[in-house]
Amino acid sequence: MNLQNKTVVVTGANGGMGQAITKRFLEGGAKVAALDLHVDELEELENEYPDRLVTISANLTEEKQVKDAIEKAVDFLGKITTLVNTLGIAQSATPIDEVEFSQWNRLMAVNTTSLFLINKEVVKTMKKQGMGSITNIASIAAERPRPGLNAYVTSKGGAIAFTKALAIELAEYKIRVNAINPGPSDTSMLGKFSPEDGDVDKVKEETFKKSVPLGELVKPEDIAEAALYLSSDGARMVTGSVLNVDGGRGI
Ligand SMILES: NC(=O)c1ccc[n+]([C@@H]2O[C@H](COP(=O)([O-])OP(=O)(O)OC[C@H]3O[C@@H](n4cnc5c(N)ncnc54)[C@H](O)[C@@H]3O)[C@@H](O)[C@H]2O)c1
């Protein structure tokens, strides 16, 4: 797919899925603004695509930092055809009566409220353009919760509801808004959901991989392909959808 006409903002771009998505769009010829708290993992890509990639370090739960980061992105990209939000944090499985208020609030801030802040700024540009595609990465956990992931599941449920709310609101501007629900995926985040075992590889193999009917963990590249499709002209009539990329039924 030729992506030369795509100008893309990826958030959480330093993470497992974010890197794969950034790389995939660059390989197709797109221009990308990659936003994250830290951007150190993107150095190699920056060297490879100096003219088509800008990295922007920002805490995307802070309103002012989001505004500044999106302004820098627009300066670099000119316009924003595509936004893919992958930023997120995991919750270590915790019984509800032991969850700290601060832990709950942090999960909501990173996984849900940041989407409000980022989408709000990007939509200002997309409305002027009269087009755009937004993809928010939620989680299959919002549909099939695991015990103890109460705050995480709620935050991702919020991300899905927000996606649907924006899809209906922004359709008249030809802005499409969709979500992807990854199943258990082979990134460093997966080990953080059950760290009490202490052995991340064991948790990945025995807890998560076994739960996937297709027999393997989702790869970050699988999520990149789904993000690519949702942002493509081939998906021009797809909005308000939630695409499960979960190998059948991971938990
Ligand atoms: N890995 C999985 O099994 C899995 C499953 C379902 C859904 N997801 C979701 O997919 C998305 C990507 O996950 P991943 O596995 O690549 O995780 P990851 O931890 O590798 O990447 C997440 C990125 O978000 C960034 N981030 C966190 N807080 C931020 C903030 N305040 N401001 C800016 N950036 C911030 C982190 O720095 C990190 O680079 C997340 O939203 C996650 O919840 C992951």
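By convention here, the first residue in the shown sequence is residue 1.
- Between Leu87 and the options Asn14, Asp36, Asn111, Leu115, a side-chain contact (heavy atoms from CB on, under 4.5 Å) holds for only Leu115.
- Remark: the backbone N or O of Ser102 is not paired with any side-chain donor or acceptor of Glu100 at under 3.5 angstrom.
- To the nearest 0.5 Å, atom CD1 of residue Ile118 and atom OG1 of residue Thr113 are 10.5 Å apart.
- At distances below 3.5 Å, not a single donor-acceptor pair connects side-chain atoms of Asn85 with backbone N or O atoms of Thr11.
- Residues forming a side-chain hydrogen bond (donor to acceptor under 3.5 Å, both in side chains) with Thr55 (at least two apart in sequence, or on another chain): Glu46.
- Hydrophobic clustering, defined by side-chain heavy atoms of Ile, Leu, Val, Met, Phe, Trp and Tyr closer than 4.5 Å, leaves Leu37 isolated from every other such residue.
- With sequence neighbours left out, the ring pair (Phe, Tyr, Trp, His ring centres under 6.0 Å) criterion links Phe25 to no other residue.
- Scored by the side-chain contact (heavy atoms from CB on, under 4.5 Å) test, Asn150 finds Gln91, Ile96, Val99 as partners (sequence neighbours excluded).
- Under the 3.5 Å distance criterion, the side-chain polar atoms of Thr94 are matched with a main-chain donor or acceptor of Ser92.
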Donor-acceptor contacts under 3.5 Å from residues 156-170 side chains, at least two apart:
residue, atom, partner, partner atom, Å
Lys156, NZ, Ile137, O, 3.2
Thr163, OG1, Asn136, ND2, 3.1
Thr163, OG1, Ala159, O, 2.8

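- Using modelled atom types, one side-chain atom of Thr187 and one backbone atom of Met189 make a donor-acceptor pair closer than 3.5 Å.
- The side-chain contact (heavy atoms from CB on, under 4.5 Å) test applied to Glu44 returns no partner, not counting sequence neighbours.
- Side-chain contact between Tyr49 and Glu27 is present, with heavy atoms from C-beta onward closer than 4.5 Å.
- Using modelled atom types, one side-chain atom of Ser185 and one backbone atom of Gly183 make a donor-acceptor pair closer than 3.5 Å.
- The CD1 atom of Ile140 sits 10.5 Å away from the OG atom of Ser211 when rounded to the nearest 0.5 Å.
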Pairs under 3.5 angstrom only: tabulate donor-acceptor contacts from the side chains of residues 214-223 to other protein residues two or more places apart or in another chain.
residue, atom, partner, partner atom, Å
Glu216, OE1, Lys219, NZ, 3.3
Asp222, OD2, Lys219, N, 2.7

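- In this structure, Lys124 places its NZ atom where more than 12 heavy-atom neighbours from other residues, nucleotides or ligands lie under 6.0 Å away.
- Shown here are the side-chain contact (heavy atoms from CB on, under 4.5 Å) partners of Asp68, two or more places apart in sequence or in another chain: Lys64.
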* Verdict with supporting geometry, Glu206 and Lys210, salt bridge (Lys or Arg N to Asp or Glu O under 4.0 Å) -> CA-CA 6 Å; Glu206 293 185 8; Lys210 274 190 185 159; 5.3 Å; no
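- Shown here are the side-chain contact (heavy atoms from CB on, under 4.5 Å) partners of Arg236, two or more places apart in sequence or in another chain: there are none.
- Between the Asn178 side chain and the Gly240 main chain, a donor and an acceptor come within less than 3.5 Å of each other.
- Counting only heavy atoms from C-beta outward, the side chains of Asn181 and Asp246 never approach each other to under 4.5 Å.
- Counting heavy atoms from C-beta outward, Tyr173 and Val123 have side chains that stay 4.5 Å or more apart.
- Side-chain contact check for Leu60 versus Gln65: every heavy-atom pair is 4.5 Å or farther apart.
- Looking at residues two or more places apart in sequence or on another chain, you find no side-chain hydrogen bond (donor to acceptor under 3.5 Å, both in side chains) involving Thr86.
- Counting heavy atoms from C-beta on, the side chains of Asn244 and Glu143 come closer than 4.5 Å.
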Could you pull out every donor-acceptor pair under 3.5 Å between side chains of residues 71-84 and any protein atom, sequence neighbours left out?
residue, atom, partner, partner atom, Å
Thr81, OG1, Thr7, N, 2.9
Thr81, OG1, Thr7, O, 3.1

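- Applying the side-chain hydrogen bond (donor to acceptor under 3.5 Å, both in side chains) test to Asp201 and every residue at least two apart in sequence or in another chain returns nothing.
- The shortest distance between side-chain heavy atoms of Phe193 and Val203 does not fall below 4.5 Å.
- Proximity of Leu107 to Ile89: side-chain heavy atoms (C-beta onward) are separated by under 4.5 Å at one or more points.
- Between the side chain of Arg176 and the backbone N or O of Thr239, no donor-acceptor pair lies under 3.5 Å.
- For the pair Ser231 (side chain) and Leu228 (backbone), a donor-acceptor distance under 3.5 Å is present.
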